[in-house]
Amino acid sequence: MCGIIGIISQSEVNQDLYDGLTVLQHRGQDAAGIVTCDSSGQFFLRKANGLVKDVFHTRHMLELKGNMGIGHIRYPTAGCSTSAEAQPFYVNSPFGISLAHNGNLTNTKLLREELFQSDRRHLNTGSDSEVLLNILAHELQKTDQLTPQADDIFEAVAELHKRCKGAYAAVAMIAGVGILAFRDPYGIRPVVIGQRDTSDGNEYIVASESVAIDSLGFELVRDVAPGECIFIDTNGNLHAQQCAEAPIKSPCIFEYVYFARPDSIIDGISVHKSRLRMGTKLAEKIKRDFPEHDIDVVIPIPDTSRSAALQLSYDLGVPYQEGFIKNRYIGRTFIMPGQTQRKKSVRQKLNAIELEFKGKNVLLVDDSIVRGTTSQQIVQMARDAGARKVYFASAAPPVRYPNVYGIDMPSAHEFVAHERNVTQIAEELGADRLIYQDLDDLIEAVQYNDNVQCFDTSCFDGEYITGDVDESYLYYIDALRNDASKQQSNQNNAVIELHNNA
C-alpha cells in the first residue's frame, strides 16, 4: 500500500506536496519522493528511504521548483526495501514522464519480458511501478504529436489497460504538458480529485485519499472512476475520459477496515461511518452468539479500531474505555517489513493502563487479525495488567488468503487463521473467546450506497476480482513476500549498500 499525490497550481507546489504526503504518511513509512516541473519543462526530483519529515529538508525543498508536481510515499509489498525503488520513477523518452503508483500488477513478469523483447525498453529495478511507467511511455511513443494532447493520453491509457492486469492507481507528469491520473478498470485502489479556485485560475489535486484534499484547502470533486483517466494541462484545464472497455467498481474493502484514515471518503463512502457500522454488526453477533456475556468493558486497540469499538460498546450497553496508551513515534506494526521487528515494536508502541483492566472481563476490539503476532502480545498485556478474562473481537473476518493487489499480506501459512478454526485461533492468541466479523456483515457495513457494485474481498474469501490469479501466481508471490525471503533480501541489500559506501 502506498500514497500518491499530484498538484497543478498557480504557484509553487513543493510545500503543498510535502504537506499532502505528511497527511498520507499512514499509507507507507518506507520511502518518500517528490518530483516537480517548472515552466521550462525541467524536472526536479528528491526521493529517499524514510518518513516524509526525514527525507525532505529545507535544502531539498528549495530545489523542488515549479507549479506542478507529483509525490509518493512507499510501503513495499514484495522483495526488499531499497532506496532504488523509491518513487516517483522517471523516463526521458518520450517527452519526459514521471510516475507514482499505488497497487500491484499481477502480470509483471510477462510485461517485463514484453518491454525488453518487443518494446525495447530497459528496466532498472524490480518494481512493478517502473513497469507501469514504461508501458505508459511506450504507448505515448506512438503519437506523432510533438506535444501530446488529451486524446493521445487517453488512447495511451486505454492501451495500458489492455496490457496491465491487477491493481493500480497512478499519477504521472509529462514535462511541460500536465498531470494525468488513472485507475485500474476495477477501481481496487483509491484516487480522488480536488479543486481550488484562486483569483489567477483553477488549481487541481489528485490524491489517494480525500483527507489530503481537505487538509490543503481544496474541495473534493469526486473519485476517479475505475478505468478512467483524467488529464490536467498546464493551463489548468481538466479533461476526463473512460478508457476501459468494461469497468466494474470493486474497491478493496480493506481500505475501509484498516488502511484509510477515518476522516477520508472513498468512492462516496465515509470510512468512519463504515467502521461505526462494523461495530454495530459485531454487537449484533455478540448478542446472537454470546447472549449471556459477562463483558465489563470494551477497550479498543488504537487507532483504527476506535470507531468500531465505540459503536459496539454503545449497541452492547457496555462501558467504553481507553485502556492502551500509544507511543506516537512508533510506526504501524502491520506494515513493518519483518516478523522480528513487528514483535519488538509492539511493547514499545502500546502500554496498558492497569486501572482499566484489573479484575475486569475485557473485550479488546481490533480492526483485523493478520499474522496474530500483535494480537497475541496485546492479549498478554491485558492479562499482565490484571484482566480476569480477555475476549477479543475483530471488525474483519479471518484473513486466510494472500492479498495480491498491493497490501503486504504474506504467504497463507504466515496467517494465524491458516488451517485453524476460530477456537484454535483463540487458543493461539491466548484469548478466552474470539469473535470475528462475518463477511456478509462486513460488506453490508461498508456498502452503504449503491455507488459500489461489489468489493474486492479476496483476503477473506480467496476470490480474486481480476480473474487472472491462480495457484502458480500465488506460489510466485509467496516466494517474494514471505518474511524469510524479505529478511534475506534485506541482508543482501545491506551488503550491497555497504560495498557501495565503502
Side-chain angles (χ1 to χ4, degrees), residues 3-24 32-47 52 55-73 87-88 90 95-100 145-154 169-182 191-224 228-241 265:
I4 60 173
I5 189 171
I7 298 175
I8 280 191
S9 177
Q10 302 298 325
S11 57
E12 298 286 310
V13 295
N14 51 0
Q15 188 64 54
D16 276 351
L17 288 169
Y18 175 92
D19 293 341
L21 289 180
T22 302
V23 172
L24 296 172
I34 291 174
V35 59
T36 59
C37 183
D38 66 11
S39 57
S40 70
Q42 184 176 354
F43 280 167
F44 303 90
L45 172 66
R46 166 63 181 171
K47 60 179 182 178
V52 174
V55 170
F56 302 101
H57 300 144
T58 301
R59 65 183 185 276
H60 305 126
M61 297 296 289
L62 292 173
E63 293 171 355
L64 293 171
K65 305 171 185 177
N67 291 10
M68 68 175 180
I70 64 175
H72 184 267
I73 46 114
Q87 298 182 43
Y90 164 78
F95 314 118
I97 308 170
S98 184
L99 176 141
Q145 302 282 342
L146 185 60
T147 300
Q149 304 301 306
D151 289 344
D152 301 312
I153 292 169
F154 295 147
V171 59
M173 180 168 59
I174 305 175
V177 176
I179 285 177
L180 62 141
F182 54 91
V191 61
V192 293
I193 313 167
Q195 180 178 337
R196 183 169 62 190
D197 297 327
T198 71
S199 57
D200 296 321
N202 292 335
E203 299 179 336
Y204 288 96
I205 179 174
V206 292
S208 292
E209 293 183 35
S210 63
V211 65
I213 290 175
D214 300 337
S215 68
L216 295 177
F218 287 81
E219 181 181 350
L220 177 64
V221 176
R222 62 179 178 85
D223 298 85
V224 176
E228 184 184 26
C229 175
I230 65 110
F231 168 60
I232 308 156
D233 62 36
T234 52
N235 294 320
N237 300 310
L238 187 145
H239 313 262
Q241 184 170 301
I265 297 174

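Starting from 1, each residue takes its place in the sequence as its number.
- Using a 4.5 Å heavy-atom cutoff, the side chains of Val224 and Phe182 are not in contact.
- For the residue pair Thr198 and Asp200, no side-chain donor N or O sits within less than 3.5 Å of a side-chain acceptor on the partner.
- At least one side-chain heavy atom of Ile193 sits less than 4.5 Å from a side-chain heavy atom of Leu238.
- The backbone N or O of Val13 lies less than 3.5 Å from no partner atom in the side chain of Gln15, so there is not a single donor-acceptor pair.
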Next item on the list: Kindly determine whether Ile70 and Ile4 satisfy side chain to side chain contact (heavy atoms under 4.5 Å, CB included), including the steps that lead there.
Entry: CA-CA 7 Å; Ile70 64 175; Ile4 60 173; over 6 Å; no
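- Judged by distance alone, with hydrogens and angles left aside, the side-chain atoms of Asn202 form no donor-acceptor pair with the main-chain N or O of Gly236 at under 3.5 Å.
- Between Ile153 and Pro148, the shortest heavy-atom distance links the atoms CG1-CB, 4.5 Å.
- Not one N or O on the side chain of Thr36 forms a donor-acceptor pair closer than 3.5 Å with the backbone of Gly66.
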Margin query: Run Ile230 and Val191 through side chain to side chain contact (heavy atoms under 4.5 Å, CB included) and show every step you take.
Written below: CA-CA 11 Å; Ile230 65 110; Val191 61; over 6 Å; no
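- A 6.0 Å sphere centred on CG of Leu62 holds more than 12 heavy atoms belonging to other residues, nucleotides or ligands.
- Using modelled atom types, no side-chain atom of Asn235 and backbone atom of Asn237 make a donor-acceptor pair closer than 3.5 Å.
- Rounding to the nearest 0.5 Å gives a distance of 10.0 Å between CD of Glu203 and CD1 of Ile8.
- Side-chain atoms of Ser9 do not come within 3.5 Å of backbone N or O of Asn67 as any donor-acceptor pair.
- In this structure, Ser98 contributes its side chain and Tyr90 its backbone to no donor-acceptor pair below 3.5 Å.
- Closest heavy-atom contact between Gly71 and Leu21: C-CD2, 3.8 Å.
- Looking at Arg46, its side chain does come within 3.5 Å of a backbone N or O of Val55 through a donor-acceptor pair.
- Taken from CG in Leu45 to CD in Gln87, the straight-line distance is 11.0 Å, to the nearest 0.5 Å.
- Summarising the local packing, CD of Gln10 is surrounded by more than 12 heavy atoms from other residues, nucleotides or ligands at distances under 6.0 Å.
- Residues satisfying the side chain to side chain contact (heavy atoms under 4.5 Å, CB included) test with Ala150, not counting sequence neighbours, are Phe154, Phe231, His239.
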Next item on the list: Decide yes or no on side chain to side chain contact (heavy atoms under 4.5 Å, CB included) for Glu219 and Val221, but give the supporting numbers first.
Entry: CA-CA 6 Å; Glu219 181 181 350; Val221 176; 5.8 Å; no
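- Not one N or O on the side chain of Asp19 forms a donor-acceptor pair closer than 3.5 Å with the backbone of Asp16.
- Here CG of Leu99 is found 8.0 Å from CG of Leu180. Values are rounded to the nearest 0.5 Å.
- A side-chain donor-acceptor contact under 3.5 Å links Asp38 to the backbone of Gly41.
- In this structure the side chain of Thr147 reaches within 4.5 angstrom of the side chain of Val177, judged on heavy atoms.
- With values rounded to the nearest 0.5 angstrom, Leu64 atom CG is found 12.5 Å from Phe43 atom CZ.
- Across all their heavy atoms, Gly176 and Cys37 have their closest contact at N-SG, 3.7 Å.
- Summarising the geometry of Asp152 relative to Gln149, their closest heavy-atom pair is OD2-N, 2.8 Å, with the distance given to 0.1 Å.
- Closest non-hydrogen pair, Gly20 versus Ile5, comes out as CA-CD1, 3.7 Å.
- In this structure, Asn14 and Phe44 have side chains that are not in contact, with every pair of non-hydrogen atoms separated by 4.5 Å or more.
- With rounding to the nearest 0.5 angstrom, the OG1 atom of Thr234 is 12.0 Å from the CE atom of Met173.
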Checklist line | Pair Leu24-Glu209, side chain to side chain contact (heavy atoms under 4.5 Å, CB included): steps then yes or no | finding: CA-CA 8 Å; Leu24 296 172; Glu209 293 183 35; 4.0 Å; yes
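- To the nearest 0.5 Å, atoms OG (Ser208) and CD1 (Ile213) are separated by 10.0 Å.
- Counting all heavy atoms, side chain and backbone alike, Ile97 lies closest to Ala172 at CG2-CB, 4.4 Å.
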